[in-house]
Amino acid sequence: MKLMTMLTGCMLTALCLFSCKPGSGAPEAAVDTRSAQEILFEDGNYAMFIHFGLYSKLEGVWKDKIYYGNAEWIMNPAQAGIPVDEYMAEAATFNPSGFDADAIVSLAKDAGMQYIIITAKHHEGFAMFDSQASDFNIVDATPLGRDIIGELAEACHREGLGIGFYYSQFQDWTAPGGGYGPRTGKDGREVSFDEYFRTKCLPQVNELTTRYGDVQLIWFDTPADMPARYSEELVSLVRKNQPNALVSSRVGNGLGDYQTLDDMEVPVANHEGRWEGIDVTQVGWGYSRYDNEWKSPGYIVRNLVSTIARGGTWMLNVGPKADGTIPEMAAAALRKSGEWVRRHPEAVHAAGPSPWGHALPWGDAVTQGDHLELVVFDWPSDGKLRLHGLRSRVKSASINGRKLSFKSEGDWLTVMVPEAMPEELATVIELKLDSPAEADGGLAADPRGTTVFPVEFAAARNCTVERAGWMEKFGEWKIRNVIQRFEPSSSATWTVAFKESGVFALDLEYLGGDDPVEWKVALDGEDVLVDMHRCTAAYAWYPLGWIKVDSPGTHTLTLSPSGGGIASAKVAAMRLVPIGL
């Protein structure tokens with residue numbers, strides 16, 4: 001079932017007449033009362049983020065030293081610690097004459113994105129628009145003298161994309177009174193945050209919400225400990241000037257119209273409510289000339305689909321170079337992945353979350369009314385795609401309109417597929433059902449492929465499932481849910497359905513301290529494995545041994561620490577790899 005490739009113009013009107021309930025994927029034969037902004041956010045499911053500012057001129061380098069990680073933080077003491085006067089002086093030679101709003105909008109459309117959010121003012125305090133509230137802006141302080149925000153807004157409106165603005169409401173490292181900024185003005189007078197808020201922040205948000213036509217959303221960031229009255233005043237101003245614009249949760253103090261998850265986070269389990277995930281095409285958000293860790297087209301498609309399958313929408317960032325152009329590698333990856341989106345809009349636009357509530361061994365699933373879109377990243381080696389727990393009856397299965405045979409055996413559905421994967425990035429198998437998709441949500445082991453079982457789906461006893469986060473480079477966040485705080489009586493149990501008997505290699509992903517950890521694994525309450533490994537301070541997979549499952553059906557796998565450095569151990573996941581014996 002092919003849907004729209006762009007949710008704009010008359011297609012938005014069509015969606016309003018026959019659309020999906022937010023997050024359900026189920027058709028609703030009634031007038032859609034949502035605003036155009038809500039429809040783009042909830043059904044578009046894919047947007048472009050742009051981090052562009054004075055920091056872009058430096059490209060991650062200050063006085064011949066490279067600062068790895070988030071290039072937009074280069075001024076901060078945590079990076080180069082550039083003095084305010086020196087940093088502000090860089091504006092005099094900032095001339096991104098290659099910035100082409102039409103080219104950026106064209107790239108976003110090629111990628112399949114539905115709206116664009118650009119940094120109007122980041123933590124550095126430099127405005128990328130013609131602001132009357134501060135002359136530290138791209139029109140007054142640079143030789144370019146162009147309103148970048150206005151140009152992009154006009155191009156988006158002309159081409160039918162939504163436009164929105166990022167604004168750092170608390171942090172301002174160059175404005176007196178701004179969060180983590182100078183405490184005094186040039187005259188030596190102390191300036192309060194309230195004065196900064198009323199003379200710069202609030203007026204600039206007013207400018208952004210009155211000058212550039214209809215706005216998709218205002219993306220606030222890092223509220224820190226800003227009192228609630230300031231967040232409330234910002235939301236009230238946006239509501240006054242742009243009644244239908246959405247406000248991000250990072251306005252602070254529990255306000256906002258939707259939740260933004262942590263940077264680079266794709267949840268393992270379905271996440272309720274209206275929310276977005278955000279990610280980068282490099283390591284950081286602003287462009288760095290020494291950062292060549294580009295996200296591949298395969299990464300983009302997988303994370304886009306996985307975010308939608310968990311119930312959210314995804315915003316992917318690009319950072320223009322000092323001259324204002326989009327880096328070639330980022331643009332190429334967006335266009336390549338965009339070709340896939342154009343071929344499979346049903347897997348992205350207006351798609352609802354997976355009825356399983358989690359990823360599947362070979363990929364993921366999204367819904368379109370009474371259709372289920374199976375997005376396969378890891379192709380089955382034996383030509384059989386196996387699916388456990390689907391409760392809705394399947395009427396037909398197809399790949400790009402080509403019919404596939406299938407059979408149901410108890411709780412298992414097997415779809416016969418070509419031996420070779422038909423597409424390079426991911427293949428979509430469409431199941432037409434007799435009703436909107438329902439599934440039992442349980443875990444199942446693929447009898448021919450690797451299956452990973454995250455700790456979120458384990459029953460923990462005398463230990464806790466907690467969130468762990470760390471940075472690889474500055475600002476490059478990694479986030480995992482892990483089981484930790486082990487003691488001798490601790491255990492974690494996964495309940496898993498097996499289609500058939502077989503032998504599996506069982507591996508464990510964890511980290512630890514200096515002492516090796518000894519683990520014990522029980523199958524249906526009977527001990528089957530004991531093994532010890534000297535682990536590292538980084539998460540890694542360790543083999544614990546082989547297990548034999550003697551019969552199909554539901555079984556339990558219980559992990560327990562039996563000795564060694566259990567106090568420092570953190571377990572992220574277990575996996576089963578069929579041996580084929």
Side-chain angles (χ1 to χ4, degrees), residues 37 41 49 51 53-54 72-73 75-78 84 88 117-137 149 163-186 189-212 215-263 273-276 278 285 315:
Q37 287 89 335
F41 186 92
F49 212 177
H51 272 64
L54 182 56
E72 71 280 3
W73 278 68
M75 179 190 174
N76 192 267
V84 171
M88 294 181 72
I117 308 300
I118 186 172
T119 49
K121 189 210 79 167
H122 205 269
H123 308 327
E124 63 179 2
F126 184 76
M128 298 296 285
F129 60 100
D130 187 10
S131 175
Q132 301 305 306
S134 169
D135 60 7
F136 189 45
N137 68 69
I149 297 298
I163 180 69
F165 310 123
Y166 170 114
Y167 191 88
S168 176
Q169 75 276 24
F170 174 75
Q171 294 197 72
D172 194 311
W173 303 333
T174 53
Y180 311 126
R183 295 296 90 199
T184 60
K186 292 182 179 180
R189 181 179 62 86
E190 186 171 343
V191 180
S192 67
F193 175 78
D194 188 78
E195 183 177 343
Y196 156 77
F197 183 81
R198 309 226 166 265
T199 59
K200 184 177 182 181
C201 174
L202 210 60
Q204 286 192 332
V205 173
N206 186 66
E207 290 170 337
L208 290 169
T209 53
T210 56
R211 291 183 178 176
Y212 302 111
V215 173
Q216 170 69 19
L217 61 84
I218 301 295
W219 211 96
F220 293 107
D221 196 18
T222 63
D225 57 356
M226 190 173 71
R229 65 182 183 276
Y230 295 115
S231 299
E232 292 166 355
E233 200 164 346
L234 287 168
V235 172
S236 178
L237 180 62
V238 175
R239 295 278 185 264
K240 174 187 172 184
N241 294 339
Q242 294 282 341
N244 293 323
L246 303 179
V247 176
S248 71
S249 62
R250 294 190 184 184
V251 70
N253 294 292
L255 301 176
D257 298 307
Y258 65 92
Q259 180 187 9
T260 299
L261 302 190
D262 287 334
D263 296 358
R274 181 192 282 164
W275 62 274
E276 72 178 353
I278 55 174
W285 302 86
M315 187 157 65

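All values below were derived from every heavy atom in this structure, side-chain atoms included, with hydrogens, water molecules and symmetry-related copies excluded. All values derive from a computational prediction rather than experimental measurement.
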Would the distance check show the side chain of [X] and the main-chain N or O of [Y] forming a donor-acceptor pair, the cut-off being under 3.5 Å?
X: Q169; Y: R250; value: yes
X: T119; Y: H122; value: no
X: K121; Y: Y167; value: no
X: K200; Y: G177; value: no
X: T209; Y: V238; value: no
X: E124; Y: L54; value: yes
X: N76; Y: A78; value: yes

[X] versus [Y]: any side-chain heavy-atom pair under 4.5 Å?
X: D194; Y: Y230; value: yes
X: V247; Y: R239; value: yes
X: M128; Y: I118; value: no
X: V215; Y: L208; value: no
X: R274; Y: L246; value: yes
X: Q37; Y: L217; value: no
X: I278; Y: L261; value: no
X: Y180; Y: T222; value: no

Parallel, tilted or perpendicular, judged at 30° and 60°: which one describes the rings of H123 and W173?
tilted

For the student: nearest non-hydrogen atoms of [X] and [Y], plus distance:
X: V191; Y: P176; result: CG1-O, 3.4 Å
X: S248; Y: Y258; result: CB-OH, 3.2 Å
X: T260; Y: E276; result: OG1-OE2, 2.7 Å
X: Y166; Y: H51; result: CE1-NE2, 4.4 Å

Who passes salt bridge (Lys or Arg N to Asp or Glu O under 4.0 Å) against D130, sequence neighbours left out?
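Applying salt bridge (Lys or Arg N to Asp or Glu O under 4.0 Å) to D130 gives none.
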
T174 meets the side-chain hydrogen bond (donor to acceptor under 3.5 Å, both in side chains) criterion, sequence neighbours left out, with D172

Would you call R189-E195 a salt bridge at under 4.0 Å N-O?
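Salt bridge flag = yes for E195 with R189.
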
Please tell me whether F220 and F170 form a close aromatic pair, meaning their ring centres lie under 6.0 Å apart.
no

Does a donor on one side chain sit under 3.5 Å from an acceptor on the other, for S131 and Q204?
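Side chains of S131 and Q204: pair found under 3.5 Å.
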
Using the test ring pair (Phe, Tyr, Trp, His ring centres under 6.0 Å), find all partners of F165 that sit at least two apart in sequence or belong to another chain.
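For F165 the ring pair (Phe, Tyr, Trp, His ring centres under 6.0 Å) partners, ignoring immediate neighbours, are Y212.
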
